[in-house]
Structures are given as structure tokens and as C-alpha cells.
Amino acid sequence: PLPQGILGEVSPNAQVMRERALGAEAVAEPAPISLNPNATRTALFRYGACALVFVLLASLVRTRRTVTWAVALLLAAGLFQVTYAAVERLSASGGMNVFWVAKTHYRHTFTGTFFDKNHFAGFLEMLLPLSVALLMTVRRSPQLHAGPSLRQRVIQALGSPEVQKRVVFAIPAALLAVGIAMSLSRSAAVCSIVALCSLAIIAVMGRRRRTSAMPAAVIIAAAGVVLLFAAGRVIGSFEGASSGRMFSVFSRLDRFRPAGKLIGDFPLTGVGLGNLASVFGHYQSPNLGEVPVRYVLNDWVHAACEMGLPG
């Protein structure tokens with residue numbers, strides 16, 4: 001808590017909003033910066049738990065064996081998300097549910113066990129470079145002996161352990177790319193392309209042996225994501241036209257405009273971590289309905305609303 005004089009300097013609108021909600025007589029002295037301290041405590045406990053898990057895993061995953069298991073578990077989690085999203089989309093519900101809970105938005109895209117397609121695609125986007133890097137660790141196959149026929153040379157190549165490893169490692173990368181494409185998340189597609197191209201540059205600059213085929217494979221994979229995403233956008237445009245449930249640029253603007261006003265009122269401190277749902281209702285436009293918005297569809301804007309521009 002801060003004295004009213006200091007609080008009035010760093011966050012003058014916090015005092016005004018408290019007086020409107022509670023009355024000038026009920027406002028305590030001193031008062032916290034957060035407009036809803038309980039929500040801020042809950043958010044801090046949540047982020048603290050995540051940080052604790054990260055530190056614990058970082059201390060445990062140090063050997064080559066534990067790193068291998070960690071990579072395998074992460075890729076298994078990504079493949080589960082893609083598989084679940086595909087099964088749910090092809091089921092009787094048509095992708096309308098996450099387990100037994102009905103989705104409010106993004107009903108015609110892959111979301112896996114997430115309710116937001118961008119969170120689902122963001123999770124896969126972080127795993128895609130990892131799966132491609134795993135593919136790049138497979139050493140080049142020795143020179144195959146020329147057979148009398150193309151069929152025998154193909155059989156000889158498929159019988160090579162290195163080729164078999166590449167096929168096995170390429171499957172997760174391909175499925176993750178399909179999941180990103182079917183999520184119809186533009187930001188995840190762009191980030192995937194940037195990550196894969198960066199991986200290709202690192203491979204070229206840091207190679208110790210001739211692996212020129214690997215950067216090419218990475219770039220081809222990036223192009224595949226673009227093509228899949230383009231195809232998904234065509235499909236999604238027809239679904240969106242028929243259902244009217246796809247978020248558009250205008251729905252984002254309906255959130256960004258009031259978010260800009262909120263940031264203008266609380267530029268230094270924000271409204272407090274975890275407070276957006278409690279405060280945004282005072283700013284949101286009638287186009288968004290009466291239900292308070294819990295997320296403004298952009299992590300940077302969301303963070304600025306809750307923690308101010310410095311945060």
C-alpha cells in the first residue's frame with residue numbers, strides 16, 4: 001500500500017475509480033496500486049508456481065539422458081494436442097467442445113485442449129523448431145552403393161538406420177506444422193517461419209561438417225507451413241462466412257480501442273496484475289456485449305493494461 005499522495009502521483013485514476021466504486025469515505029489510507037488486490041495475489045501465486053516449476057526442471061534436466069526425456073515429453077505433449085484437436089474436429093461435436101466444456105470462440109479451428117487457438121498454436125510453434133532441430137541431429141547416411149535398379153536403391157536407402165531415424169523424426173515436425181496451419185493463427189505461422197529460418201541460418205553458420213541438405217530441409221518445412229496455412233485460411237474463410245463466428249479485424253479493434261483508453265488512464269502502473277476482467281467492463285464498447293472481456297487478443301496489449309507500459 002502507498003500513501004494517497006504518492007499513489008495520486010503514480011496512478012491518479014486508481015484513486016478516482018476506487019472512490020466511484022466504494023465511495024470517498026470507504027477508501028482506505030494507504031491504498032494499493034492494484035484495483036483488485038485479491039486477483040493480483042492469485043495471479044502472483046500462479047506465475048510464482050510456474051517459475052518454481054521452471055527452476056525445478058532446470059535443476060533436474062542437466063544430463064544428456066534427462067534432456068532427451070524432456071524433449072520426448074514435450075514433443076509427445078504437442079502430438080497429443082494435434083491428435084486431440086483432429087479427433088475432436090472429426091467427432092460429432094465438430095470441434096465445439098474441449099472435453100465436456102463447450103467452446104465460446106474458435107469453434108471451427110484446431111484448439112486442442114486450449115480454448116484459444118493462439119495459445120494452442122503458440123505451444124506448437126515453440127515445439128516445431130525443437131522437432132526440426134532433432135531431425136538435424138541425425139548424421140548423414142554413408143554413400144549408398146549403386147544398385148542395378150531404382151527399386152533396389154530405394155530399398156537400400158529405406159533400410160539405412162539414418163534414413164529411418166529421419167523419417168521417424170520428421171513425423172512430429174510435419175504433424176506440428178499441420179496443427180499450426182489448421183489453427184488458422186496468423187501470428188503463430190509468422191513466428192514459425194521466423195524460427196525455422198533462424199534455425200537454418202544457425203545451421204549454416206555453425207556447421208562443422210557438410211550438412212547443406214539440412215538447412216534446405218528447414219526452409220522447405222517453413223514453406224510447407226506457409227502453404228498449409230494458406231490452404232487453411234481458404235477453408236476457414238468459407239466456414240467463417242457460413243457461421244459468422246470467426247474473429248475478424250473489427251472484433252480486435254473493438255478490444256484495442258478501449259484497451260488504449262485504459263492504458264492512457266493507467267500508463268505507469270496499469271490496473272494491477274490479473275485485474276483486466278474486473279476493470280475492462282468500464283471501458284468496453286457495446287459491440288462486445290455485457291460480459292466483461294477477460295483477454296484483449298494480444299499479449300503485449302494485455303500486459304500493458306495490467307502492468308502499465310514499463311511492465
Nearest 0.5 Å, please: how far is [atom2] in [Y] from [atom1] in [X]?
X	Y	atom1	atom2	value
Phe280	Arg255	CZ	CZ	7.5 Å
Thr68	Leu73	OG1	CG	11.0 Å
Ser198	Ile193	OG	CD1	11.0 Å
Leu74	Ser131	CG	OG	11.0 Å
Leu130	Leu176	CG	CG	9.0 Å

When clusters are formed from ILVMFWY side-chain contacts under 4.5 Å, directly or step by step, what else is grouped with Leu175? Leu79, Ile171
Other than Phe45, what residues sit in its cluster of Ile, Leu, Val, Met, Phe, Trp and Tyr side chains whose heavy atoms are under 4.5 Å apart, directly or through others? none
Taking side chain as C-beta onward, heavy atoms only, is [X] less than 4.5 Å from [Y]?
X	Y	answer
Thr113	Phe80	yes
Val71	Leu75	yes
Leu56	Ser59	yes

Contacts of [X] that satisfy side chain to side chain donor-acceptor pair (under 3.5 Å) - sequence neighbours left out:
X	result
Thr111	Lys103
Glu306	His302
Asn275	Ser34, Thr40

Considering all heavy atoms of both residues, which atom of [X] and which atom of [Y] are nearest to each other, and what is their separation?
X	Y	result
Glu88	Met96	OE2-N, 4.3 Å
Leu128	Ala177	CD1-N, 4.2 Å
Ala195	Pro129	CB-CG, 3.6 Å
Ser192	Ile180	OG-CD1, 3.4 Å
Leu276	Leu262	CD1-CD1, 4.4 Å
Gly179	Val82	CA-CG2, 4.2 Å

Across all chains, not counting sequence neighbours, the side-chain contact (heavy atoms from CB on, under 4.5 Å) partners of Val61 are Thr66, Val67, Ala70
Working for side chain to side chain contact (heavy atoms under 4.5 Å, CB included), residues Thr109 and Phe120: CA-CA 10 Å; Thr109 61; Phe120 165 78; over 6 Å; no
Please work out whether the ring planes of Phe99 and Tyr84 are parallel, tilted or perpendicular, with thresholds of 30° and 60°. tilted
Give a yes or no on whether [X] and [Y] share a hydrophobic cluster (residues Ile, Leu, Val, Met, Phe, Trp, Tyr; joining criterion: side-chain heavy atoms under 4.5 Å apart).
X	Y	result
Leu57	Phe123	no
Val194	Val132	no
Phe115	Met182	no
Phe110	Val98	no
Val279	Leu309	yes

For Phe54, I'd like to know if atom CZ has over 12 heavy atoms of other residues, nucleotides or ligands within 6.0 Å. no
Partner of Glu125 by side-chain contact (heavy atoms from CB on, under 4.5 Å), out of Ser183, Ser185, Cys191: Cys191
